[in-house]
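Let me begin by presenting the structure, written as structure tokens, before commenting on it.
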Amino acid sequence: TLPCLPGARPCIPKDFGHGSLVCVCNATYCDTLDPLVLPAPGSYVKYESSKAGKRLERSEGRFQSSLRTPGSATGWWWCHCGTPRHHGLSRGLPAGLLLTLNISVLYQHVKGFGGSLSDAAAMNILKLSQPAQDNLLRSYFSESGIEYNLIRVPMACSDFSVRPYSYDDVPNDYELKHFRLVDEDVKMKV
């Protein structure tokens, strides 16, 4: 496993134009986060990034159970946890995102969070020096990063591949006797 960097390291912003900033991540430096800690019951933690330069800016808040809800208020929690904007909320409520949770109804369990590792992403990662690759992967998967624990890998080519390919181009080969991984899979995905 990759060693984790202790504590948070701030974003060193770099402007490539077009009104957006990115954080520098190279062979010698990559921004990191403090370790993630679950909030206390009735509380939330919000991370916000923006074009204006916020980079996973952390803030905390408490859900409110005292606001009126449709029907019974039992099991409902509310928070106003967004950037102030007009969303048609009533005058007595703060402007911004209104998040409503019914804690008595569960729909699904969250297994984790992650991203996609396409051919294009893998090719760009492989072009980095080994220390830069280590920093980049640490920023995604370590406790000092955003702690991804899932990755979606496209099967065969996708719209982020440099050429079309599949695993079995032989027509009517339903038993997959000609199934083979291609170089992109062996070198970049497996």
Side-chain angles (χ1 to χ4, degrees), residues 1-39 44-59 106-190:
T1 62
L2 298 172
C4 295
L5 301 173
R9 297 172 75 184
C11 171
I12 297 176
K14 182 168 179 122
D15 187 353
F16 285 100
H18 311 290
S20 296
L21 297 174
V22 297
C23 296
V24 171
C25 184
N26 57 34
T28 59
Y29 187 88
C30 200
D31 61 311
T32 61
L33 302 173
D34 283 325
L36 299 175
V37 178
L38 289 176
Y44 65 88
V45 174
K46 176 181 76 168
Y47 290 89
E48 185 176 358
S49 297
S50 70
K51 275 186 143 183
K54 289 183 182 181
R55 164 76 166 112
L56 294 172
E57 186 176 288
R58 186 180 194 273
S59 62
L106 299 177
Y107 293 101
Q108 61 193 17
H109 293 280
V110 176
K111 292 188 182 257
F113 295 91
S116 176
L117 184 61
S118 64
D119 291 3
M123 289 183 337
N124 284 312
I125 292 169
L126 291 173
K127 287 181 182 178
L128 299 172
S129 68
Q130 190 61 52
Q133 287 180 33
D134 291 344
N135 274 340
L136 179 64
L137 294 175
R138 187 181 300 111
S139 75
Y140 281 109
F141 298 102
S142 77
E143 290 181 2
S144 62
I146 57 176
E147 296 190 57
Y148 274 6
N149 63 341
L150 297 172
I151 287 291
R152 180 179 62 82
V153 179
M155 294 181 65
C157 73
S158 73
D159 51 343
F160 294 105
S161 299
V162 295
R163 67 180 184 93
Y165 63 90
S166 75
Y167 295 137
D168 189 346
D169 289 328
V170 176
N172 303 317
D173 184 11
Y174 301 114
E175 295 177 10
L176 298 176
K177 291 180 180 177
H178 300 278
F179 178 92
R180 300 287 180 274
L181 294 178
V182 296
D183 286 343
E184 286 86 347
D185 293 303
V186 177
K187 293 177 182 175
M188 298 186 298
K189 296 178 187 174
V190 180

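Counting only distance, with no hydrogens or angles, the side chain of Ser161 and the backbone of Pro164 share no donor-acceptor pair below 3.5 Å. Lys189 contributes a side-chain N or O that, together with a main-chain N or O of Pro154, makes up a donor-acceptor pair within less than 3.5 Å. Between the Asn149 side chain and the Lys111 main chain, a donor and an acceptor come within less than 3.5 Å of each other. The closest donor-acceptor contact from the side chain of Gln133 to the backbone of Leu128 lies under 3.5 Å.
Once rounded to the nearest 0.5 Å, the distance linking OH of Tyr29 with SG of Cys11 reads 8.0 Å. Rounding to the nearest 0.5 angstrom, the gap separating the NZ atom in Lys127 from the CD1 atom in Ile125 is 12.0 Å. With values rounded to the nearest 0.5 angstrom, Asp119 atom CG is found 7.5 Å from Asp185 atom CG. Going from atom CG of Asp34 over to atom CG of Leu56 covers 12.0 Å, rounded to the nearest 0.5 Å. In this structure, Cys157 SG and Glu184 CD are separated by 9.0 Å, a value rounded to the nearest 0.5 Å. Atoms CZ and CD1, on Arg55 and Ile12 in that order, are 12.0 Å from each other to the nearest 0.5 Å.
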For this session: Take Cys30 and Cys25, measure what disulfide bond (SG atoms under 2.5 Å apart) needs, and give me the verdict at the end.
Result: CA-CA 4 Å; Cys30 200; Cys25 184; 2.2 Å; yes
Problem set entry | Residue pair Arg9, Thr32: steps toward the side chain to side chain donor-acceptor pair (under 3.5 Å) verdict | CA-CA 5 Å; Arg9 297 172 75 184; Thr32 61; 5.3 Å; no
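Residues Tyr148 and Phe141 share a closest heavy-atom pair of O-CD2, 3.3 Å. Summarising the geometry of Lys14 relative to Phe16, their closest heavy-atom pair is CE-CZ, 3.5 Å, with the distance given to 0.1 Å. Across every non-hydrogen atom of Pro39 and Val45, the tightest pair is CB-CG2, 3.9 Å.
Classified by interplanar angle (parallel below 30°, tilted 30° to 60°, perpendicular above 60°), the ring pair Tyr167/Phe179 is tilted.
Looking at Leu117 and Tyr140, their side chains never come closer than 4.5 Å, going by heavy atoms from C-beta outward.
At most 12 heavy atoms of other shown residues, nucleotides or ligands fall within 6.0 angstrom of atom CD in Glu175. Heavy atoms of other residues, nucleotides or ligands lying less than 6.0 angstrom from CG of Leu126 number more than 12. Other residues, nucleotides and ligands place more than 12 heavy atoms under 6.0 Å from the OH atom of Tyr47.
Looking at Asp173 and Lys177, no side-chain N of the basic residue comes within less than 4.0 Å of a carboxylate O on the acidic one, giving no salt bridge.
Between Ser142 and Ser144, the side chains place a donor N or O and an acceptor N or O closer than 3.5 Å (distance only, hydrogens not considered).
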